[in-house]
There are 2 protein chains.
Amino acid sequence: MSEEKYLQNYKKTLFESPLLTVDAVLFTYHQGDLKVLLIERSNHPEKGKWALPGGFVDEKKDRSLEDTVIRILKQKTSVEPPYIEQLYTFGGPDRDKRGWSVTISYTALIAHQACRSHIETVSNVDWMNVARAEKMELAFDHQQILYRARERLRQKALYSIVPAYALPETFTLPELQRVHEVIIGKPLQKKSFRRRIEQANLLIDTGEKRSEGGRPAALYRMREKSGDYTFVRNLEQ
Amino acid sequence: MSEEKYLQNYKKTLFESPLLTVDAVLFTYHQGDLKVLLIERSNHPEKGKWALPGGFVDEKKDRSLEDTVIRILKQKTSVEPPYIEQLYTFGGPDRDKRGWSVTISYTALIAHQACRSHIETVSNVDWMNVARAEKMELAFDHQQILYRARERLRQKALYSIVPAYALPETFTLPELQRVHEVIIGKPLQKKSFRRRIEQANLLIDTGEKRSEGGRPAALYRMREKSGDYTFVRNLEQ
DNA sequence: TCATATAGTGTCGTTTAGGCACTATATTAC
DNA sequence: GTAATATAGTGCCTAAACGACACTATATGA
């Protein structure tokens, strides 16, 4: 049989295939806390529980899995987060009551102010303290997904400046250090932190300053298209 | 509507969902070369091309995605590899001619001798030099998957002793160093290499020796259940 | 017994990270 | 004004880690 004939035939068959979804763990930093975007489910299954934003691939609209995440997040926040990274793919017969299912999960970061106004207008979407969310009973296996995203973010905070994407476009180094400290969960040595950032050469001094009661701090922005965001070594991810 | 009723109803509906597959990049080390397991496809699509071993989730047999990979690899090699790790999930409308598709890819390592006899009896399954495979035209987007697996393995070779799983159960440090060197693509400093391994404390000296023309080398084995396999720092993924 | 081949160690200089005291520059109190 | 205070940013010492390479150790074989 030719490949053409095969393909014509194939389209008529239907596979018994696990349910496929895409979920996002969107973090931000606000007022000293790391927060995660959650949705209160208004439909079955898991109706009423809080869940990570997620959805199905739209075969017409999406040209990639990233397109799917972006579409889902845009729908909830009205903006496209500046940092998105695939996290892990979870699958199994019990994670969704509808049967064998698979979810491709992503981690994303965004500045709190970037989507604040939109989120405040919607009732079933909200930022939640990560510490609190981790103790809650979330829908499906979203607790496990959140935990894994949290762990990954912790690693990123140790060896990269990815957490900078949880801040507005310009920020000071003390601000960034606070974000890293919240993510890692313990204080960092100012000198070491600044040294790493300087060596990585991923930030640009805007020349402007911002004052907060003492000596004004220099304002930085991310260097465009810096490729990887690691400090010194090439890791992976 | 109650959740029960919803679920009863749900089972009767059928989702238009991307085709879902699981693929594995199984590496081994043999005679100075890094090799990858490939299958010559005997069915459409991509008939005749070499491909990574892959298949569909079996909703009855598999309790997890790892189960799926293990089942697929066992089918091809007759054994279960000692190291398996999820790599990345690829998806898009064009990677498979049948339509929008998603594949969850895994990296695995195994000793060459562990499955040698079985593979030699099958005609369409073979180990191929990774350098050669990377230049070939593989089925689907398997070239891209292989490339990513190769990159990840390179990182692992720099900061972990995961490559030890490409060797038999017991091995010498010079052997392991050669594997790392082949993966990384350049020679390593003997002292540094041994220092890292000693500090990681992931290997156990069996007390036995193996001679290869000079002073006999100590034989080591992996410490059981060492959790992570990293040298010094906790990375991730 | 000596050449050779491979395994394994000692050690030095360089780099990197932590720690902490110091300087710098702003605001606020008086 | 000037001193107290608050925050930003630097200098510098020490310890740990790593690269480089010469050295020692233990086998084989001429």
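We name chains A, B, ... by the order of the sequence lines, and we start the count at 1 in each one.
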From [options], nucleotide with atom closest to [X] side chain:
X	options	value
Lys191(B)	dG9(D), dT11(C), dT26(D)	dT11(C)
Arg215(A)	dG8(C), dC21(D), dG9(D)	dG9(D)
Pro216(A)	dA27(D), dT25(C), dA8(D)	dT25(C)
Ser211(B)	dA20(D), dA8(D), dA27(D)	dA27(D)

| Lys/Arg N to Asp/Glu carboxylate O, Arg194(B) vs Glu198(B), below 4.0 Å | no
| Are Arg63(B) and Asp94(A) ion-paired here, with the side-chain N under 4.0 Å from a carboxylate O? | yes
Between [X] and [N], is there a side-chain N or O to OP1/OP2 distance below 4.0 Å?
X	N	value
Arg194(A)	dG9(D)	yes
Ser192(B)	dG19(D)	yes
Gln199(B)	dA16(D)	no

Rounding to a whole Å, what distance do you find between [X]:[atom1] and [N]:[atom2]?
X	N	atom1	atom2	answer
Leu188(B)	dA7(C)	CG	P	15 Å
Gln189(B)	dA7(C)	CD	P	16 Å
Lys190(B)	dA22(D)	NZ	P	12 Å
Leu176(A)	dG9(D)	CG	P	12 Å
Phe193(B)	dA7(C)	CZ	C1'	14 Å
Ile197(A)	dA8(D)	CD1	C1'	14 Å
Leu173(B)	dT9(C)	CG	P	9 Å
Arg196(A)	dT15(C)	CZ	C1'	16 Å

| task | For Tyr220(A) and for Arg195(A), find the nucleotide of DNA chain D with the closest heavy atom, then tell me which residue's nucleotide is more 5'. | result |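 Comparing both residues, the 5'-ward one is Tyr220(A).
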| request: Assign the ring pair His30(A) / His112(A) to parallel, tilted or perpendicular, where the plane angle (0 to 90°) is split at 30° and 60°. | output: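 Parallel.
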| query | Using a distance-only test with no angle check, is there a side-chain donor-acceptor pair under 3.5 angstrom linking Gln155(B) and Glu151(B)? | reply |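 Short answer, no.
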| query | Between the side chain of Arg221(B) and the main-chain N/O of Pro168(B), is any donor-acceptor distance below 3.5 Å? | reply | no
| When all nucleic acid strands are considered with a 4.0 Å heavy-atom cut-off, which category describes Lys209(B): base, sugar-phosphate, or nothing? | nothing
| request: Remember a base hit wins even if backbone is also touched, and classify Glu212(A) as base, sugar-phosphate or nothing at under 4.0 Å, heavy atoms. | output: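 Sugar-phosphate contact only.
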